[in-house]
Structures are given as C-alpha cells and as structure tokens.
Amino acid sequence: MFKSKCLLSVAASAIVLSAVSGCTVIKEYTPPAKEIATVSPQERELARKLIHAFLTDDAKGFVALLPDEKRTNFTAETFKKTRKAIVDSVGEPISFSFLTSLELPSLTPQIWKVRFKRVNSRGDEFTSELMFRVITGMIDKKTPVITAFQFL
C-alpha cells in the first residue's frame with residue numbers, strides 16, 4: 001500500500017512539474033556532410049562576376065550581366081546610387097566569398113559574404129560583412145540567368 005501511494009505521488013509530481021515548467025523539446029539536427037542544394041558552375045560563375053563588378057565599381061559590367069527586363073529598371077545610374085549608399089553605410093568592399101546555395105525547385109539562391117572596410121574620422125579602421133544573395137536560374141538547362149540580387 002505504501003509503495004503504490006509513493007509511486008502515485010511521484011507520478012503526480014512529474015505531471016505537475018511538466019505542466020508548470022512548460023517544457024518544449026527542440027531538437028537540433030546535424031547538418032548534412034555536403035551541401036544539399038548545388039549550384040551549377042555556370043550559375044556560380046555568373047554570380048561571381050556580378051559581385052566582382054560590384055566590388056570593382058564596374059557599373060557597365062554589372063548591368064550587362066542582368067537580363068534585358070532587369071536592365072530597364074536597374075541601370076548604370078541606379079547601380080551608382082545603390083553602390084554609393086552601401087559604401088556610405090558600411091565602407092568600401094574589399095573581398096567576397098561563396099557561402100552556400102539554397103534549395104528551390106527551379107531557381108538557385110546563392111549566398112555570398114562580402115567584406116567591407118572603412119576608416120573613421122580618427123583614422124581607426126573597421127571591417128564589416130554583409131550577405132549578398134544572388135538568385136540564378138537556367139534557361140533551357142543551358143544558359144544561366146540572374147533573376148534577383150540583394151544585400152541582406
């Protein structure tokens with residue numbers, strides 16, 4: 001009799017503690033050994049050229065990499081204004097590297113890291129990093145095209 005009262009008491013305590021603490025189990029999954037989504041070499045090279053054009057302040061080269069319909073809205077003048085706003089905010093771009101690509105059925109979002117450097121009024125040097133997303137796709141599974149881009 002004493003044993004059953006003890007077990008009942010322990011069980012009731014466990015239920016009460018569980019209800020009071022509001023426990024939520026969050027599981028962390030181990031990332032896969034290799035990237036799930038892969039980017040074709042042509043798409044990756046196209047994105048690399050776009051970022052390189054940004055870093056070297058090559059407005060014509062940047063805009064030339066965009067499809068015709070994007071060029072109507074994003075001109076060399078737009079490039080200059082956009083780049084100036086970013087440089088004023090975080091500094092001059094000094095390097096970049098590919099981080100990963102994301103999985104989507106027909107497009108490939110690529111995430112790149114861009115490093116910036118600026119110097120304050122006292123001469124102290126600072127670096128910052130932003131992510132740059134370039135979304136690419138393939139036309140007829142042969143020709144890569146940029147569908148969107150933005151700093152994150």
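All values reported here derive from a predicted model rather than from experimental measurement. Numbers for residues simply follow the sequence, beginning at 1.
Transitive grouping of hydrophobic side chains (ILVMFWY, heavy atoms separated by less than 4.5 Å) keeps Phe116 and Val119 in distinct clusters. By the rule that hydrophobic residues join a cluster once side-chain heavy atoms approach within less than 4.5 Å of another member, Leu99 and Leu152 end up as members of one cluster. Under the 4.5 Å side-chain heavy-atom criterion for ILVMFWY residues, no single connected hydrophobic cluster contains both Val145 and Leu102. Both Ile86 and Val134 sit in one connected hydrophobic cluster of ILVMFWY residues. Membership requires side-chain heavy atoms under 4.5 Å apart, directly or through other members.
Phe149 contributes atom CZ, which lies 11.0 Å from atom CD1 of Ile135 (distance to the nearest 0.5 angstrom). To the nearest 0.5 Å, atom OG1 of residue Thr127 and atom CZ of residue Arg118 are 10.0 Å apart. Note that NZ of Lys70 is 14.0 Å distant from CG of Leu65, once rounded to the nearest 0.5 Å. Atom OG of Ser97 and atom CD1 of Ile51 lie 9.0 Å apart (nearest 0.5 Å). The OG1 atom of Thr82 sits 12.0 Å away from the CD atom of Gln150 when rounded to the nearest 0.5 Å. Atom OG of residue Ser101 and atom CZ of residue Arg133 lie 13.5 Å apart, to the nearest 0.5 angstrom.
No side-chain heavy atom of Trp112 sits less than 4.5 Å from a side-chain heavy atom of Met131. At least one side-chain heavy atom of Thr147 sits less than 4.5 Å from a side-chain heavy atom of Leu107. Between Phe79 and Phe54 there is a side-chain heavy-atom pair separated by less than 4.5 Å. A heavy-atom distance below 4.5 Å is found between the side chains of Arg44 and Gln110. Taking 4.5 Å as the limit, every side-chain heavy atom of Ile111 sits out of range of all side-chain heavy atoms of Phe98. At least one side-chain heavy atom of Leu55 sits less than 4.5 Å from a side-chain heavy atom of Val114. Put simply, the side chain of Glu69 does not reach to within 4.5 Å of the side chain of Phe74, judged on heavy atoms. In this structure, the side chains of Val90 and Leu130 come closer than 4.5 Å at one or more pairs of heavy atoms.
Pairing each heavy atom of Gly61 with each of Ala53, the nearest pair is C-CB, 4.1 Å. Looking at every heavy atom in both residues, Met138 comes nearest to Ser40 through SD-OG, 4.0 Å.
Checked for salt-bridge contact, Lys142 and Asp140 miss the test: no charged N lies under 4.0 Å from a carboxylate O.
Taking the ring axis of Phe96 as reference, the NZ or CZ atom of Arg115 does not stay both within 45° of it and closer than 6.0 Å to the ring centre.
The side chain to side chain donor-acceptor pair (under 3.5 Å) check on Thr75 picks up Thr78, with sequence neighbours excluded.
Among pairs with a residue in residues 118-140, those fulfilling ring pair (Phe, Tyr, Trp, His ring centres under 6.0 Å) read Phe132-Phe151, at least two apart in sequence or across chains. Screening residues 45-64 for side-chain hydrogen bond (donor to acceptor under 3.5 Å, both in side chains), with sequence neighbours left out, gives Glu45-Arg48.
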Please test Glu92 against Lys117 for side-chain contact (heavy atoms from CB on, under 4.5 Å), starting from the C-alpha separation and ending with a verdict.
-> CA-CA 5 Å; Glu92 282 291 329; Lys117 178 179 76 172; 5.5 Å; no
